[in-house]
Q: 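Dropping a structure here in structure tokens format, bear with me for questions.
Chain identifiers are assigned alphabetically (A, B, ...) following the order of the sequence lines, protein sequences preceding nucleic acid strands; residue numbering begins at 1 within each chain.
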Protein chains: 2
Amino acid sequence: MGRRGEHSKSEIECMALEAAEAIIEAEGYDALSARKVASAIGYTVGSLYFVFRNLDELVQRINGRTLDQLYAGLIEALSDCRHPQQCIYALGGAYLGFAARHPHRWRMIFEQQPRDDKLTIEVYQEKMDRLYELMEIQLKALAARPEEEVFIATRALWSGIQGIASMTIGRIPDSEEEQWAHKLSRHLIGHYLTGLGTTQFSSRVNQPVGQLVDYPK
Amino acid sequence: MGRRGEHSKSEIECMALEAAEAIIEAEGYDALSARKVASAIGYTVGSLYFVFRNLDELVQRINGRTLDQLYAGLIEALSDCRHPQQCIYALGGAYLGFAARHPHRWRMIFEQQPRDDKLTIEVYQEKMDRLYELMEIQLKALAARPEEEVFIATRALWSGIQGIASMTIGRIPDSEEEQWAHKLSRHLIGHYLTGLGTTQFSSRVNQPVGQLVDYPK
DNA sequence: CTGTTCAAATGAACATCATTTAATAAAACA
DNA sequence: TGTTTTATTAAATGATGTTCATTTGAACAG
């Protein structure tokens, strides 16, 4: 039972975040409850509300930390690659690897719904932009393009990888699932970049078999 | 107050599903509750459990219906296109349109987590495969490729579109968001298909500026 | 018309949840 | 030592999903 002054406010905060993360990692988001977190750190529910405004805030804090860890993982992955294209593959692989290793926490980022609070969303968005930026840098290095196009390409590519993760990565870690995710990722990135490359000079030099028709503007 | 024998079991089931869909569409998944559905159809909670095993089952039934509607929308979209590539754009556009028009029900499909019941998941998977198939047909028509590659391409492309939807479509309908989603979709599909087309004959005829390096097998 | 049957429908009960708040106890300070 | 402050708790509130004993009313038997 947390004795008076045994832990500072920020210590309790940290303990709570770690306990909550452990619960989520082990049993999933639905298993998270204020009482469970409180008892895990040796306090009662009320104390949690002394530190966090509500459970939503706790979840958003965890999401922030998860995004930070993800960012660190991507940075780490970039140290193993040289050429921009290699780096893009590395980013995709690192993202999928993280999602596969921490499926519950990763899903939580996208499944939480903030009822109010635009402020926290801004911090959130900032962390997301940081992730985007890593891809943007590689795309810029790959080919000189108008800023607008790089912006779009970045979002399209990240979205594609995110989609692969969300369609293939289940609730419990499964190495076969992850392999499949990586395969899809390499396929999508590979062909997308090839397409980006060919349209650099001319958008329709190579008409494939079948009738390739331009999308109506 | 539902009088004795006023509605058959399947009628109540249908009423409940429609009421629940209306609640979700209007207030989101979190606003759904057994009591709310029951009172909406003029019955009490207990009666709901006479028809559905639990709320999870009701949600899965709704998801099934949503997937059916989505499928119908995609079929509809295919009637407006001629060439395979046009059709692929149309599929992507129809998917994003549906997600934008019914954000809550669309999200529910991916956010629900089945604790048990592999049986319902099979029906579920079957409906998903039907969606995949629509894309698969177009890809096959676009270019003759090994079956395995078409299989992968189908999943990669759908995943990409799904990712775009999940990253851009928020909780409340917003036409600007939807426009942005469509833009990303056209971009991703366009370059991906171009890439797929160029690699049909040779995988590296057009080396872009910057160093294009093959992904290590 | 009366009594019995039986499934449909109910509403209360249970356990759990997030959140609030009045009470308390310990530390800090006078 | 007495007062103030505040960290901490326990209990209360109202909502949730789910269960179940009870009731109700329609259909049928005599």
Q: Of A:Ala34 and A:Gly46, whose closest DNA chain C nucleotide lies nearer the 5' terminus?
A: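 Comparing both residues, the 5'-ward one is A:Ala34.
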Q: How is B:Leu48 classified with respect to the nucleic acid when contacts are heavy atoms under 4.0 Å: base, sugar-phosphate, or nothing?
A: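 Nothing, no nucleic acid heavy atom in range.
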Q: Return the value, rounded to whole Å, for the distance between atom NE2 of A:His7 and atom C1' of C:dA26.
A: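 Atom-to-atom, A:His7 to C:dA26, this comes out as 16 Å.
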Q: Tell me: CZ of B:Phe50 to P of C:dC6, nearest whole Å?
A: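 Going from CZ in B:Phe50 over to P in C:dC6 covers 15 Å.
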Q: In whole angstrom, what separates A:Lys9's NZ from D:dT5's C1'?
A: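 These atoms are roughly 14 Å apart.
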Q: What integer distance in Å separates A:Glu13:CD from D:dA7:C1'?
A: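 After rounding, the gap between these two atoms is 16 Å.
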Q: Side-chain N or O of B:Ser33 versus OP1/OP2 of D:dT16: is the shortest distance under 4.0 Å?
A: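 Yes, within the criterion.
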Q: For A:Arg101, which residues count as a side-chain hydrogen bond (donor to acceptor under 3.5 Å, both in side chains) partner, sequence neighbours excluded?
A: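 For A:Arg101 there are no side-chain hydrogen bond (donor to acceptor under 3.5 Å, both in side chains) partners, ignoring immediate neighbours.
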Q: Axis-to-axis angle across the helix from C:dC1-D:dG30 to C:dC29-D:dG2, five pairs an end, to 10 degrees?
A: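 About 30° separates the two local helix axes.
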Q: Do you know the tightest heavy-atom contact between B:Ile152 and A:Leu184?
A: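 So the minimum-distance heavy-atom pair works out to O-CD2, 3.5 Å.
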Q: For the pair made of CG in A:Asn54 and C1' in D:dA15, what is the distance, rounded to whole Å?
A: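 Going from A:Asn54 (CG) to D:dA15 (C1'), I get 16 Å.
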Q: What contact category does B:Ile12 fall into here, base, sugar-phosphate, or nothing, at under 4.0 angstrom with non-hydrogen atoms?
A: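 Sugar-phosphate, backbone atoms only, no base.
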Q: Please, which pairs that meet salt bridge (charged side-chain N to carboxylate O under 4.0 Å, His left out) have at least one residue in residues 73-97 of chain A, sequence neighbours excluded?
A: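 As it turns out, there is no salt bridge (charged side-chain N to carboxylate O under 4.0 Å, His left out) pair with a partner in residues 73-97 of chain A once direct neighbours are skipped.
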Q: Below the 4.0 Å mark, does C:dT10 have OP1 or OP2 next to a side-chain nitrogen or oxygen of B:Tyr43?
A: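 Looking at the OP1 and OP2 atoms of C:dT10, neither is under 4.0 Å from any side-chain N or O of B:Tyr43.
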Q: Ring centroids only, cut at 6.0 angstrom: are B:His83 and B:Tyr89 within range, meaning strictly under it?
A: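 So the answer is no for these two rings.
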Q: Mind checking salt bridge (charged side-chain N to carboxylate O under 4.0 Å, His left out) for A:Glu111 and listing every partner two or more places apart, or none if nothing turns up?
A: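 Checked A:Glu111 against salt bridge (charged side-chain N to carboxylate O under 4.0 Å, His left out); matches are A:Arg107, A:Arg171.
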Q: Closest to the A:Thr44 side chain: D:dA10, C:dT19, D:dT18?
A: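 For A:Thr44, the side-chain atoms sit closest to D:dA10.
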Q: Among residues at least two apart in sequence or on other chains, which ones pass side-chain hydrogen bond (donor to acceptor under 3.5 Å, both in side chains) with A:Arg61?
A: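 Listed in chain order: A:Glu13.
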Q: Toward the 5' end of DNA chain D, which comes first, A:Ser47 or A:Arg35, by nearest nucleotide?
A: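 Checking each residue's closest nucleotide, the 5'-ward one belongs to A:Ser47.
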Q: For residues 31-52 of chain B, pull every pair meeting salt bridge (charged side-chain N to carboxylate O under 4.0 Å, His left out), keeping only residues two or more places apart or in separate chains.
A: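 Applying salt bridge (charged side-chain N to carboxylate O under 4.0 Å, His left out) to every pair that reaches into residues 31-52 of chain B, excluding sequence neighbours, yields B:Glu27-B:Lys36.
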Q: Take atom CG of A:Asp30 and atom P of C:dA18, then tell me their distance rounded to the nearest Å.
A: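 One finds 11 Å between P of C:dA18 and CG of A:Asp30, rounded.
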Q: Rounded to whole Å, how long is the line connecting atom CZ of A:Phe52 with atom C1' of C:dA18?
A: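 One finds 15 Å between C1' of C:dA18 and CZ of A:Phe52, rounded.
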Q: Which whole-number value in Å describes the distance from A:Tyr49 OH to D:dA11 P?
A: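 Spelled out: OH on A:Tyr49 to P on D:dA11 is 18 Å.
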